[in-house]
Protein chains: 2
Amino acid sequence: MNLNPSMPTPEERLRAAGQRVTAPRVLLIRLLDEAEEHLDAEELYRRARRELPSINLSTVYRNLAVLKEAGLVEQRYFARDHSREYFESAVQEEHYHFTCLSCGKVVEFETPLIAKVRVDLEAQLGVDIRHACICFEGLCAECAAAEKRTDADGVAPQKSVRIQLS
Amino acid sequence: MNLNPSMPTPEERLRAAGQRVTAPRVLLIRLLDEAEEHLDAEELYRRARRELPSINLSTVYRNLAVLKEAGLVEQRYFARDHSREYFESAVQEEHYHFTCLSCGKVVEFETPLIAKVRVDLEAQLGVDIRHACICFEGLCAECAAAEKRTDADGVAPQKSVRIQLS
DNA sequence: AACAACTTGCAAATGACTTGCAAAACCATG
DNA sequence: CATGGTTTTGCAAGTCATTTGCAAGTTGTT
Ligand SMILES: [Mn+2]
Ligand SMILES: [Mn+2]
Ligand SMILES: [Zn+2]
Ligand SMILES: [Zn+2]
């Protein structure tokens, strides 16, 4: 989602990254480009099978690893349960995430402050930062309001929303 | 590490949190207070067994969950591999982490910018943030310098260092 | 077309974490 | 400080997302 309209095709991106062009890879890239949400391997597998029925789940995993290394997809962790890996297309603006622990909604946001932390760190420590995992968790506005109930279960994954801080 | 010298004993903390005082819990809290690093369940189990040989790994897991809920320990995720949960005592200043992908060293740092992002988010989205997972990853100064080699393996966990940004 | 290098499907394996259950420990209460 | 309801523990057996070995199938290159 929120993709640059004039972006290279999946094939072009693969070749530019020096990776072989295979049907599973092209398909995974396209599925992530088209996705409105952050997808995990299982869900990508489900969607991929609709177009490439012979694809195997392990192929999905292996290729997500390849695409991640090649910088074509981004891996994310959400909510307090980091036991599942989610992915999104790398062809979008840098952004961060807030996840509602109650309803599972994901809010994407931008802010220059994280980049500031990053450059401060690099300048003061001499480190070379390659990746940042930034995720906030809590209750979304709706769930915070509806906090009259005592529930705390059903965390269904939902579509994302994107905002810009200040 | 970096603990307040006049902090309550593990027993006192447990009682204050309304939790039962048991040998495994007291021991886990003390081990985390004493630790120079961030520990996972397996390592805590290893250390705990030295003083309480009958303790079981599942007891370690169950109690870490209890202590986390009670706010007595903090759970962390490091490096690109979030498949392991690490813990540290909650009795310390709020801080964030940088992990070296090459040597595994963890650098702890403080910065008011993350809290700023947090309040901005709460103010502009009306959300109630309960938790933040902030971790930067890359090459530490030493490993970045030694980048002449082509290696990229052995990621041994190491002690942490704490710094203050600017 | 011919081949070496890389990928895939399939089935089996990993490994961190969880769970069911009966016995043991905790902590009011009397 | 004995009693007993409630919680916790040890042990053994799961769970489940992700990984891996291998033979067969593809890809990109000469
Ligand atoms: Mn996103
Ligand atoms: Mn720390
Ligand atoms: Zn919500
Ligand atoms: Zn290093």
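Predicted model only: the values in this text are computed from it and were never measured. A note on names: the letters A, B, ... follow the listed sequences, proteins ahead of strands, and every chain is numbered from 1.
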Measure [atom1]/[X] against [atom2]/[N] and give the value in whole Å, please.
X	N	atom1	atom2	result
His82(A)	dA16(C)	NE2	C1'	16 Å
Glu42(A)	dT18(D)	CD	P	8 Å
Ile55(B)	dA25(C)	CD1	C1'	14 Å
Gln75(B)	dA16(C)	CD	P	15 Å
Glu11(B)	dC26(C)	CD	P	12 Å
Gln19(A)	dG28(D)	CD	P	11 Å
Asp40(A)	dT18(D)	CG	C1'	12 Å
Arg46(A)	dA17(D)	CZ	C1'	13 Å

DNA chain C: Ala23(B) or Glu85(B), which has the more 5' nearest nucleotide?
Glu85(B)

Thr22(B) or Arg20(A), whichever maps to the more 5' nucleotide of DNA chain C
Arg20(A)

When the aromatic ring centroids of Phe78(A) and His97(A) are compared, is their separation below 6.0 Å?
yes

Report yes if the distance between the aromatic ring centroids of His82(B) and Tyr77(B) is under 6.0 Å, otherwise no.
yes

Which nucleotide, dG10(D), dT18(D), dT9(D), lies nearest any side-chain atom of Arg25(B)?
dT9(D)

Any chance the side chains of Glu85(A) and His38(A) put a donor and an acceptor closer than 3.5 Å?
no

Looking across every strand, which nucleic acid part, if any, lies under 4.0 Å from Arg84(B) by heavy atom: base, sugar-phosphate, or nothing?
sugar-phosphate

Glu69(A) vs Leu67(A), side chain to side chain contact (heavy atoms under 4.5 Å, CB included): CA-CA, chis, key distance, verdict:
CA-CA 5 Å; Glu69(A) 280 309 301; Leu67(A) 299 179; over 6 Å; no

Check each residue of residues 56-69 of chain A for a non-hydrogen atom within less than 4.0 Å of any atom in DNA chain C, then write out the ones that pass by number, or none.
Asn56(A), Ser58(A), Thr59(A), Arg62(A), Asn63(A)

Answer yes when Arg76(A) and Asp40(A) have at least one side-chain N-carboxylate O distance shorter than 4.0 Å, and no when they do not.
no

I'd like to know if Glu34(A) and Arg30(A) make a salt bridge, using a cut-off of under 4.0 Å between side-chain N and carboxylate O.
yes

When you measure from the centre of the six-membered ring of Tyr45(B), is the NZ or CZ of Arg49(B) closer than 6.0 Å and no more than 45° off the axis?
yes

If the cut-off is 4.0 Å, is Ser83(A) near the phosphate of dA17(D), judged by side-chain N/O to OP1 or OP2?
no

